[in-house]
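Before any comments, here is the structure.
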Amino acid sequence: QVRLVESGGGLVQPGGSLRLSCVISGLTLDYYAIGWFRQAPGKGREGVSVISGRDGSTYYYSDPLKARFAISMEDAKHTVFLQMNNVKPEDTAVYYCAADYVPLGTVAATDRLADDYDYWGQGTQVTVSS
């Protein structure tokens, strides 16, 4: 059974930092792209970043996010992280991690649509407020 479990969310002040974790079980990371998405109240799901479970290459859905956020992976622990720095009130959202199967020879770390992903976690709430 595939499971993705996010943690690390909470209340943080503007300008602060937060690190989200996504622990993945039931699949072989080598064959998956792992993405972070977020959904703010009243808005659609927005892509944040993607990491290839095969080679650790990364992709960010926007340059402003790339300037403040960093995705990384600890393969041995089957965990993907999202380091959030200099957070802003507009970063307030539920953050989800997701896994998408990537056939050999296909680029994993690219602008995958949310609908492409096969498995999702339950999400973790991040609130940026003073």
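Side-chain contact between Leu20 and Phe81: absent, with no pair of heavy atoms (C-beta onward) separated by less than 4.5 Å. Side-chain atoms of Val87 and Gln13, non-hydrogen and from C-beta on, never get closer than 4.5 Å to each other. Counting only heavy atoms from C-beta outward, the side chains of Leu4 and Val23 never approach each other to under 4.5 Å. Side-chain atoms of Thr124 and Val94, non-hydrogen and from C-beta on, never get closer than 4.5 Å to each other. At least one side-chain heavy atom of Val102 sits under 4.5 Å from a side-chain heavy atom of Arg54. Side-chain contact between Val50 and Ile71 is absent, with no heavy-atom pair separated by less than 4.5 Å.
One finds the NZ atom of Lys43 at 8.5 Å from the CZ atom of Arg38 (value rounded to the nearest 0.5 Å). If you take CD1 on Ile51 and CD1 on Ile34, they are separated by 9.0 Å, rounding to the nearest 0.5 Å. Rounding to the nearest 0.5 angstrom, the gap separating the CG atom in Leu11 from the CD atom in Gln125 is 10.0 Å. A distance of 10.5 Å separates CH2 in Trp36 from OG in Ser49, rounded to the nearest 0.5 Å. Atom CG in Leu29 sits 9.5 Å away from atom OG in Ser52 (nearest 0.5 Å).
Between the side chain of Thr110 and the backbone N or O of Val107, no donor-acceptor pair lies under 3.5 Å. Side-chain atoms of Arg68 come within 3.5 Å of backbone N or O of Asn86 as a donor-acceptor pair. No donor-acceptor pair closer than 3.5 Å links the side chain of His78 to the backbone N or O of Thr28. With Gln122 contributing its side chain and Glu6 its backbone, the two residues share a donor-acceptor pair below 3.5 Å. Looking only at distances, no side-chain donor or acceptor of Asn85 sits under 3.5 Å from a matching main-chain atom of Phe69. In terms of modelled atom types and a separation under 3.5 Å, the side chain of Ser62 and the main chain of Leu65 share a donor-acceptor contact.
Both tests pass for Arg45 against the ring of Tyr96: distance under 6.0 Å to the centre and angle within 45° of the axis.
Under a hydrophobic clustering in which Ile, Leu, Val, Met, Phe, Trp and Tyr are joined whenever their side-chain heavy atoms come within less than 4.5 Å, directly or via other members, Val2 and Tyr32 fall into the same cluster. Taken together through direct or relayed side-chain contacts under 4.5 Å among Ile, Leu, Val, Met, Phe, Trp and Tyr, Val128 and Met84 form part of one hydrophobic cluster. Residue Tyr117 is not grouped with residue Met73 when hydrophobic side chains (ILVMFWY) are merged at heavy-atom distances under 4.5 angstrom, including chains of intermediate members. Under the 4.5 Å side-chain heavy-atom criterion for Ile, Leu, Val, Met, Phe, Trp and Tyr, Tyr101 and Tyr119 are members of the same hydrophobic cluster. The hydrophobic clustering, which links ILVMFWY residues whose side-chain heavy atoms are closer than 4.5 Å, places Tyr95 and Tyr60 together.
Closest heavy-atom contact between Ser130 and Pro14: N-CD, 3.7 Å.
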Take Leu82 and Val48, measure what side-chain contact (heavy atoms from CB on, under 4.5 Å) needs, and give me the verdict at the end. CA-CA 9 Å; Leu82 183 68; Val48 177; 4.1 Å; yes
Mind running side-chain contact (heavy atoms from CB on, under 4.5 Å) on Gln83 and Ser72 for me, showing each step along the way? CA-CA 8 Å; Gln83 177 68 40; Ser72 62; over 6 Å; no
side-chain contact (heavy atoms from CB on, under 4.5 Å) between Leu18 and Val126: does it pass, once the steps are laid out? CA-CA 9 Å; Leu18 209 60; Val126 172; 3.9 Å; yes
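The aromatic rings of Phe37 and Tyr61 sit tilted relative to each other, their planes meeting at an angle between 30° and 60°.
In this model, a donor atom of one side chain and an acceptor atom of the other lie less than 3.5 Å apart for Ser57 and Asp55.
One finds a salt bridge joining Arg112 and Asp100 here, because a Lys/Arg side-chain nitrogen approaches an Asp/Glu carboxylate oxygen to under 4.0 Å.
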